[in-house]
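Have a look at the structure below before the remarks.
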Amino acid sequence: MTNTVPRAASNKASAHSALNNVRNNWRNFGIIAHIDAGKTTLSERILFKTGEIHRTGEVHEGNATMDTMALEKERGITIGAAATRCVWNGHEFTLIDTPGHIDFAIEVERSLRVLDGAITVLSGVAGVQPQTETVWHQAEKHGVPMIIFVNKMDQTGADFARVTEQVRKQLGARPVPLAIPVGAADEFGGVIDVLQQRLLQWDAKGNMTVLALPAELQAQALAAYAYAASVAAEASDVLTDVYLANDTLSQAEILQGLRTLTLARKATPMLAGSAYKNAGIEPLLDAVIAWLPAPDDRAAPVATLNGDSVTVATGDADPLAALVFKVTHDEHGSLAFVRIYGGSLHEGATIWNATLDAPVRIGRLYVVHADKRTSVAEATAGSIIAIANLKDALTGQTLSGKSQPWTLETIHAGEPVVALAVEPGSGTDRAKMLAVLDKFRREDPSLRLENNVETGETILWGMGELHLDVVLERARREAAVDIRVGAPHVAYKETMGLPVVEAEGKLDKQNGGKGMYARVVVRLELLDEGEFAFANVVKGGVIPTAFFPAVEKGVQQAMQQGPLGQKVTGVKVTLLDGDFHAVDSNEMAFIIAAKEAVLAGLRKAKPVLLEPVMKVTVDAPAINTGDVIGDLQKRSGRVLGITENTGRVEVVADVPLTRLFGHTNDLRSLSQGRAFASATYARHAACDVNEASFV
């Protein structure tokens, strides 16, 4: 959705502009799912049905509109979130297609941060999968209302009732089936439109036919209508009274009630079809209008201004409040994707980057349609827009006016868990390699680039093996840099091996003049829930309160690198006692003493090394079950569960990250390319320090 003033008015541009005058007719939504559930295929069909494209591309043929990157076309997966726009029944949509692989979770995170609603796509065969749960909970965290589309009903093993129950149990949602499939696989014969009590069918070209319900489907359709009415009645006292008086609700009343409940995330409309067969797309588009929010339906965001929390005003004429949620680079320069919450942006205007506390000039404004751009002169509140070559733009920055420099909550990337040592094939390419990797780091906040001062290595950190593989392949292609990689690194941590210890840190230096003196006594306790905590129970003025921040700073520094050389977790540090000198004590002395006290305590507590453990889910043909389990066990994996479903098997296991390198290639080999896996971070667990990869 974009509120735009066209540079050059075409018929389509004029239509878009006219629609933008009614903000209630806008929808900003994303498509989220587990890998291979059919997100990109669904996006392609939406664009086709809405007339934005006139021929559908296919993921497996490498010509899908939303897969714009060469690597996406070759690998048949979505790597970066892609935005587009379209119009349906007088409503303008901004749609963002997101990746399904956990390595690219930042793309889902930043999309959900700025979108108003989402379609969760489930495979009618596989149902709720591990990454489904991940993206569902990401959407919950941001309070994003959702509808569900059960895809692939034309495939063998599809079962709408089973998937509905999984949604209820595994996602904790309250599904309300409103487009129920008739049959499955070769017998898939369209969907029941529950609210209008009719049958919808599609021919081989995707043309929809509306039919009266056959007698054998009427009981099922009426039962689904009755259930929808009973749920909708809970939306308000008025609807409850009507329902109790009539034992039902009208179609309009159900629409009203379900919209209220969906926006409050108390119900989830559920539809079905087959994106590949162009079946079920029209009811889904109608559902986006009926149940997903317009920008004004979402609560206004909260910003920070002069240390206070304030609610952003969301009118076009209000002070500017906009969030940069994605930055990309191509041969034309950079594009900063921005969600405008309040105020407006005008081409050529000078605004304020509140995060950097610096002025920035707005260059060209664009509405983006996958890899194509339409130049516009203005964008207003509720819009998702792209700004060309916005100076120093990074994900999570706030754009505002100088007189009201409020900052919106930034976008948080997960901690990277795996790294590679990288070096150029030629010494003369080092500057070029660092430049292209730094560009990718600016695009992707889940990447980290650092220099190991001890070894002189350049270390590239990412979210997984596939994530780093894609980054390095892009560097080779886009910058013609031959990059060689060393052994993988993983994000080890360390913690205490004993439940509680006490230790002292003391600094006492005299150099003939003013000295350095501080003494700190701390207690270290093991935290079951991990992370870190600090407490201060000092009484009696043994340490002046002015030095308390210095003590905490020293404690924090010690947490960054413990006795084993890793970040410390799962420890609570309590300041118990200390001493100071009226002349020789200062902040630096207490920082050093506190750091030494904590490190002494950690050494005393017999530190334990922790390695990242991943929850791995393998989906494979049932005939390969033994090979899959054997490969996981070879990697020190612990099998947690095995689920069989129509000729395929899902194996879930915990596997140390250090043993997962090469798993994708091995899995492909043992299954002749018919198995795939996803891995999500589970926890850090104790391991043998002598077997760690950094030793």
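Predicted, not measured: the structure shown is a model, and the values here were computed from it. The figures here come from the full heavy-atom set of this structure, side chains too, leaving out hydrogens, waters and symmetry mates.
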NZ or CZ of Arg339 within 45° of Tyr341 ring axis and under 6.0 Å: yes
Test item: Ile106 and Val108 side chains (from C-beta on) under 4.5 Å apart, heavy atoms: no
Under 3.5 Å donor-acceptor, Thr98 side chain and Ile31 backbone: yes
Residue list, ring pair (Phe, Tyr, Trp, His ring centres under 6.0 Å) with Phe29, at least two apart or on another chain: Phe93
Distance-only side-chain donor-acceptor flag, Glu465 / His663, under 3.5 Å: no
Minimum heavy-atom distance between Pro416 and Ser446, given as atom pair plus value: CB-O, 3.9 Å
Backbone of Asp392 reached by a side-chain donor or acceptor of Gln397 within 3.5 Å: yes
Side-chain ion pair, Arg648 and Glu650, N-O less than 4.0 Å: no
Backbone of Glu409 reached by a side-chain donor or acceptor of Arg113 within 3.5 Å: yes
Side chain to side chain, Thr458 and Leu434, heavy atoms closer than 4.5 Å: yes
Nearest heavy atoms of Val150 and Ser123, plus distance in Å: CG1-C, 4.5 Å
Exercise: do Glu443 and His329 side chains pair donor with acceptor under 3.5 Å: yes
Backbone N/O of Glu531 and side chain of Thr569: donor-acceptor pair under 3.5 Å: yes
Arg373 to Tyr366 six-membered ring, cation-pi geometry met (6.0 Å, 45°): yes
Asn151 side chain vs Ala275 backbone, donor-acceptor pair below 3.5 Å: yes
Arg110 side chain to Lys326 backbone, donor-acceptor under 3.5 Å: no
Donor + acceptor pair across side chains of Ser671, Asn624 (<3.5 Å): no
Check: Leu564 main-chain N/O paired with Glu494 side-chain donor or acceptor under 3.5 Å: yes
Test: Arg442 and Asp438 ion pair at under 4.0 Å: no
Electrostatic pair Glu423-Arg430, nearest N-O below 4.0 angstrom: no
Side chain to side chain, Arg476 and Val436, heavy atoms closer than 4.5 Å: no
Sidechain N-carboxylate O distance under 4.0 Å for Asp654, Arg638: yes
